Amino acid sequence: MALANENYLKTPEIYCFDEIEKRVNAYKVLHPVSKIIRLGVGDVTRPIPGEALKAMHAAIDEMGKAETFRGYSPPQGYDFLIEKIVKEYRSLGVSIDKDSVFINDGAKSDIGNIGHVLGRDNIIAIAEPVYPVYENATIMSGRAGFLTDEQKWSNVVYLRCSEDTGFLPELPTEKVDIIYLCNPNNPTGTTLNKAELKKWVDYAIEHDSIIVYDAAYQSYITQSDVPHSIYEIKGARKVAVEIKSYSKTAGFTGLRCGFSVFPPELMVYTLNGDKVPLIKLWSRRNANYTNGVSYVVQRGAESLYSRKGKAEVHELVDYYLTNAAIIRKELIDAGLSVYGGVNSPYVWFKTPGEQASWKFFQQLLYEFQIVATPGVVFGQSGEGYMRFTGFSSREGTLMAMDRIRGNL
Ligand code: PLP
């Protein structure tokens, strides 16, 4: 008899975004001609940059000739891409060794996979509200314990992150081993600046903890005191794994490419107290569980570092940031409490009249034909809040704002 991994049964059967789709479909059945505007799910909508297209076309042609055909990628990724990444870090004043970069098929995979190389008994800290994958990965890997009456997992330390803290996570008061930090944060769009992030690095150094630093939205940073990499903070190489992605930077959500950095100084411990470089375990996992990312897609990612590629990325990010700024201004003008939308495509706001998130979701859908994401899907502390994204078209964003103006 084959036994199931029952930890998988502990996560919600429906991923939060599927529930949104279910409700939108129910609305569509009743109102087939309504024009719905989607400011909800965090997927991009603009086509990928022309430079990436050109590079991928050329790479496909190479695959069609015996002399230039490529088989398996090197397990860590091709040097041509890794060298560009290292150079980009250098421009931030950060020195990263080429061997510490691992190309992946998007940030989500490594956020889940990192659990493979960390001991089962680590205490995990997660901010809330935050990207739900950190908690789900913790549950599925059997580290979460049991669900308490307050709908919290007994072995997870939830970092307080609320209106009182400006929706920035508070340092844990107890010792934790692994900390997931998302900066700029999804869903709140808030950011830790360099001074604030330093406190987390210092905490991790003091407690021998590790920070899993998700910088999937770093290309949206506009303010100079917000770091583009955790390694801009002194000492971070000893405590942080950094995960970045081309998904929101360059429209690669469907192409799939990102990378993780495992500095060789970052140590974990055996039960005997022996130090092991985490990169050693990660390299072993990589060699056994993946055959890398397609050559064509890696060529596409490489092209984003050219002068023209960078300009196209800038234009793309600016488009979404402008949408976010339009949304932010409208909500502030409506007298609501608003966060994010400055260094992030996400705008987080308190529902009018302190309505529950799902109730306001229904109001937006049925009265204004707008889809938003209820804050509560990102954790209980998101209840009473809502997330809009700048990922819609400019026309859609403006039309949505026209619909709610004076009506909230
Ligand atoms: N990290 C955060 C915070 C995200 O919001 C997302 C996607 O929405 C991801 C990671 C996943 O990115 P990728 O498409 O690279 O897997």
Side-chain angles (χ1 to χ4, degrees), residues 15-18 20-21 38-46 48 52 77 81 85 101-115 126-138 159 161 167-169 179-192 211-221 226 228-230 240-261 290 292-294 297-298 300-301 304 313 316-317 320 324 339-341 343-348 372-373 375 377-379 382 387-392:
Y15 189 52
C16 50
F17 296 108
D18 297 338
I20 292 174
E21 282 315 298
R38 290 178 173 271
L39 299 184
V41 180
D43 198 356
V44 290
T45 53
R46 309 287 298 161
I48 56 168
L81 177 54
I85 291 168
V101 179
F102 294 76
I103 307 298
N104 61 32
D105 63 344
K108 196 178 194 178
S109 304
D110 281 2
I111 290 166
N113 288 333
I114 195 164
I126 302 174
E128 199 203 76
V130 83
Y131 184 49
V133 174
Y134 312 141
E135 189 183 60
N136 286 344
T138 303
L159 303 167
C161 183
F167 280 106
L168 293 178
I179 304 163
Y180 283 96
L181 279 185
C182 184
N183 197 35
N185 189 41
N186 176 14
T188 57
T190 49
T191 43
L192 294 164
I211 298 173
V212 178
Y213 190 73
D214 182 347
Y217 296 94
Q218 65 83 27
S219 52
Y220 289 81
I221 294 168
V226 180
H228 287 259
S229 163
I230 193 166
V241 171
E242 179 157 281
I243 304 177
K244 288 187 170 176
S245 166
Y246 300 103
S247 282
K248 309 297 162 76
T249 307
F252 272 43
T253 52
L255 286 170
R256 313 303 305 144
C257 194
F259 61 89
S260 297
V261 179
T290 173
V293 179
S294 98
V297 171
Q298 290 192 60
L304 304 170
V313 163
L316 194 60
V317 167
Y320 296 133
Y339 300 83
N343 297 298
S344 163
Y346 297 123
V347 184
W348 178 254
T373 308
V377 307
F378 300 101
R387 187 192 75 175
F388 275 155
T389 87
F391 288 134
S392 190

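Quantities reported herein were computed from a predicted structural model and do not represent experimental measurements. Note that ligands are numbered from 1 as they come in the structure, with each ligand's atoms numbered from 1 the same way.
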Which residue and atom name correspond to the protein heavy atom nearest [atom], and how close is it?
atom	value
atom 12 (O) of ligand 1	A107 CB, 3.8 Å
atom 1 (N) of ligand 1	D214 OD2, 2.6 Å
atom 8 (O) of ligand 1	K248 NZ, 2.7 Å
atom 11 (C) of ligand 1	Y131 OH, 3.3 Å
atom 16 (O) of ligand 1	R256 NH2, 2.7 Å

May I ask you to decide if [Y]'s main-chain N or O and [X]'s side chain share a donor-acceptor pair within less than 3.5 Å?
X	Y	result
N186	Y131	no
E242	I230	yes
N104	G106	yes
T253	D43	no
Y220	Y320	no

Examine ligand 1 and decide if any of its atoms is less than 4.0 Å from a heavy atom belonging to Y246. no
Any idea which of P345, S247, A215 brings a heavy atom closest to atom 14 (O) of ligand 1? S247
